[in-house]
Trainee: 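Can you keep this structure in mind? I'll have questions shortly.
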Amino acid sequence: EGDINSDENAGIIPRSVKSIIEKLEAGKAEYTVRVSYMELYNEVMQDLLVDPNDRSNPELKLCEDLKNGVVCNNLTETSVLTIDDIFKILNKGISNRKTAATLCNKQSSRSHSIFTMKIMIKESTIEGEEVIRQGQLNLVDLAGSECVGRSGAKEDRAREAGNINKSLLTLGRVITALVDNHRHIPYRDSKLTRLLQDSLGGKAKTCIIATFSPSHLCVEETLSTLD
């Protein structure tokens, strides 16, 4: 997210949101935008737009839909009109997200998060026929893979690190299988890859931004990330 309130230091999500809304407004077409924000913590899906202490919240469940692909039932989707509406939702989600201090990072992400924008635009063809165009953008913040010995993670922190590393390893296997045109793609080996199945193997355009250090102390992590 970066600093949501700063144009200069804003992260990928606020920059993307601003760019998309400005383009939609400039197009003068009728449109609707719905957003959702969730995290995957210890292989458990959690809605970041509801009170995490409210036990009445329904459990999030993944299911296969013939028309829409993999969908997450019971996930809150909120209609938004302006950039400020989306930023308020972002701030709410950020405050509910799991972070903790380790020796490597004082605010280490302990979960993967997925911020989704669903956009529908009503347009008219040359013949005057009305058509609906749909688009979806998934902005995914992956928790970094972690060497438990170096980060000093213990007990709950170590269990979190194990689940983070497992899901990232599965993500790597899925990407390798797609690149090598394997007949079987192991999407179901992790909830992360199942959630991102359409983003990785569908008709979507996928962009990965990798972060690593030039320090010789981090050679193993850098090579693993590049792999």
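Please read these numbers as outputs of a predicted model, since none were measured by experiment.
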Trainee: Determine whether T82 and D84 satisfy the following criterion, side chain to side chain donor-acceptor pair (under 3.5 Å), listing intermediate values before the conclusion.
Mentor: CA-CA 5 Å; T82 66; D84 285 342; 5.2 Å; no
Trainee: Nearest 0.5 Å please: distance from the CD atom of E25 over to the OH atom of Y31.
Mentor: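 It comes to 4.5 Å.
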Trainee: Distance check, rounded to the nearest 0.5 Å: I12 atom CD1 versus E1 atom CD?
Mentor: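 Reported to 0.5 Å precision, the distance equals 11.0 Å.
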Trainee: With sequence neighbours left out, write down each residue that passes side-chain contact (heavy atoms from CB on, under 4.5 Å) with A210, or none if nothing qualifies.
Mentor: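 Partners of A210 by the side-chain contact (heavy atoms from CB on, under 4.5 Å) criterion, ordered by chain and then number, come out as F212, T225.
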Trainee: When you measure from the side chain of S19 to the backbone of S16, do you find a donor-acceptor pair of N or O atoms at a distance under 3.5 Å?
Mentor: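 Such a contact is absent between S19 side chain and S16 backbone.
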Trainee: With side chains defined as the heavy atoms from C-beta onward, is the minimum distance between I121 and I132 less than 4.5 Å?
Mentor: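 Result no, sub-4.5 Å side-chain heavy-atom pair not found.
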Trainee: So do L62 and M45 actually touch side chain to side chain, heavy atoms under 4.5 Å?
Mentor: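 Yes, their side chains come closer than 4.5 Å.
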Trainee: Between D54 and S56, is there a donor-acceptor pair closer than 3.5 Å when you use the side chain of the first and the backbone of the second?
Mentor: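 Such a contact is found between D54 side chain and S56 backbone.
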Trainee: Short question: side chain of N138, backbone of I114 - any donor-acceptor pair under 3.5 Å?
Mentor: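 No; zero donor-acceptor contacts below 3.5 Å.
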Trainee: Under 4.5 Å between side-chain heavy atoms, counting indirect links through other Ile/Leu/Val/Met/Phe/Trp/Tyr residues: same cluster for L200 and V179 or not?
Mentor: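 Yes, L200 and V179 fall within the same hydrophobic cluster.
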Trainee: Are any non-hydrogen side-chain atoms of L192 and T170 less than 4.5 angstrom apart?
Mentor: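 They are not in side-chain contact.
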Trainee: How long is the span from the CG atom in L196 to the OG1 atom in T206, to the nearest 0.5 Å?
Mentor: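 Going from the CG atom of L196 to the OG1 atom of T206 covers 9.0 Å.
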Trainee: Would you say the side-chain atoms of N74 pair up with the backbone N or O of E59, donor to acceptor, closer than 3.5 Å?
Mentor: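 Answer holds: yes.
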Trainee: Measure the spacing between CD1 of I89 and OG1 of T76 and express it to the nearest 0.5 Å.
Mentor: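 Rounded to the nearest 0.5 Å, the CD1-OG1 separation comes out at 10.0 Å.
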Trainee: Might you point out which heavy atoms bring A177 and P186 nearest each other, and give the distance in Å?
Mentor: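 In terms of heavy atoms, the two residues are closest at CB-CD, 4.1 Å.
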Trainee: How close do I4 and P14 get, heavy atom to heavy atom, and via which atoms?
Mentor: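 Taking I4 first and P14 second, the nearest heavy atoms are CG1-CG, 4.3 Å.
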Trainee: Please answer: with hydrophobic residues joined when any side-chain heavy atoms are less than 4.5 Å apart, are L139 and I209 in the same cluster?
Mentor: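 Hydrophobic grouping puts L139 with I209.
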Trainee: If you group Ile, Leu, Val, Met, Phe, Trp and Tyr by side-chain heavy-atom gaps below 4.5 Å, do V71 and L48 land in one group?
Mentor: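 Shared cluster, no.
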Trainee: Yes or no on side chain to side chain contact (heavy atoms under 4.5 Å, CB included) for R15 and D7, after CA distance, side-chain angles and deciding distance?
Mentor: CA-CA 8 Å; R15 287 174 189 265; D7 287 340; over 6 Å; no
Trainee: Quick check: closest heavy atoms across A143 and S111, and the distance to 0.1 Å?
Mentor: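 So the two residues come closest at CB-O, 3.5 Å.
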Trainee: Please report the interatomic distance NZ(K118) to CE(M120), rounded to the nearest 0.5 Å.
Mentor: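 Between K118 NZ and M120 CE, I get 10.5 Å after rounding to 0.5 Å.
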Trainee: Side chains of I185 and L178, heavy atoms from C-beta outward: is any pair under 4.5 Å?
Mentor: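 Heavy-atom side-chain distance check passes, below 4.5 Å.
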Trainee: Any chain of hydrophobic side-chain contacts (each under 4.5 Å) joining L90 to V50?
Mentor: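 Hydrophobic grouping puts L90 apart from V50.
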Trainee: Verify side chain to side chain contact (heavy atoms under 4.5 Å, CB included) between N73 and C63, making sure each step is shown before the conclusion.
Mentor: CA-CA 7 Å; N73 284 342; C63 66; 3.4 Å; yes
Trainee: Working note: V80 + R34, criterion side chain to side chain contact (heavy atoms under 4.5 Å, CB included); need CA distance, chi angles, decisive distance, verdict.
Mentor: CA-CA 6 Å; V80 291; R34 296 175 68 83; over 6 Å; no
Trainee: Look at atom CZ of R188 and say whether more than 12 heavy atoms of other residues, nucleotides or ligands are closer to it than 6.0 Å.
Mentor: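 12 or below, so no.
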Trainee: Side-chain contact test, heavy atoms from C-beta onward, threshold under 4.5 Å: evaluate it for Q46 versus M38 and give yes or no.
Mentor: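 A side-chain contact is absent here, since even the closest heavy-atom pair is not under 4.5 Å.
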Trainee: Is the backbone of L49 close enough, under 3.5 Å, to the side chain of K92 for a donor and an acceptor to pair up by distance?
Mentor: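 Checked: pair present.
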Trainee: Are any of the side-chain nitrogens in K166 or D189 under 4.0 Å away from the carboxylate oxygens of its partner?
Mentor: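 Between D189 and K166 there is no salt bridge, as every charged N stays at least 4.0 Å from the carboxylate O atoms.
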Trainee: Is there a chain of hydrophobic side chains (I, L, V, M, F, W, Y, each step under 4.5 Å between heavy atoms) that links L40 to V70?
Mentor: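 Yes; V70 is reachable from L40 via cluster members.
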Trainee: Is any NZ, NE, NH1 or NH2 atom of the basic residue among E43 and K191 found under 4.0 Å from an Asp or Glu carboxylate oxygen of the other?
Mentor: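 So E43 does not pair with K191 through a salt bridge.
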Trainee: Within a strict 4.5 Å, meaning less than it, do heavy atoms of the L168 and H112 side chains meet?
Mentor: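 Contact flag for L168/H112 side chains = yes.
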Trainee: With rounding to the nearest 0.5 angstrom, report the CG to OH distance, D198 to Y187.
Mentor: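 One gets 8.0 Å once the value is rounded to the nearest 0.5 Å.
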Trainee: Measure the shortest side-chain to side-chain distance between D47 and L60 over non-hydrogen atoms and say whether it is less than 4.5 angstrom.
Mentor: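 Yes, at least one pair of side-chain atoms sits under 4.5 Å.
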Trainee: Does any non-hydrogen side-chain atom of R194 lie less than 4.5 Å from one of E64?
Mentor: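 Answer yes - side chains close enough.
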Trainee: Just do the side chain to side chain contact (heavy atoms under 4.5 Å, CB included) check on Y37 and L75 with the steps written out, would you?
Mentor: CA-CA 8 Å; Y37 202 11; L75 180 65; over 6 Å; no
Trainee: Look at atom CD of Q136 and say whether more than 12 heavy atoms of other residues, nucleotides or ligands are closer to it than 6.0 Å.
Mentor: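 Yes, the 6.0 Å shell around CD holds more than 12 heavy atoms from other groups.
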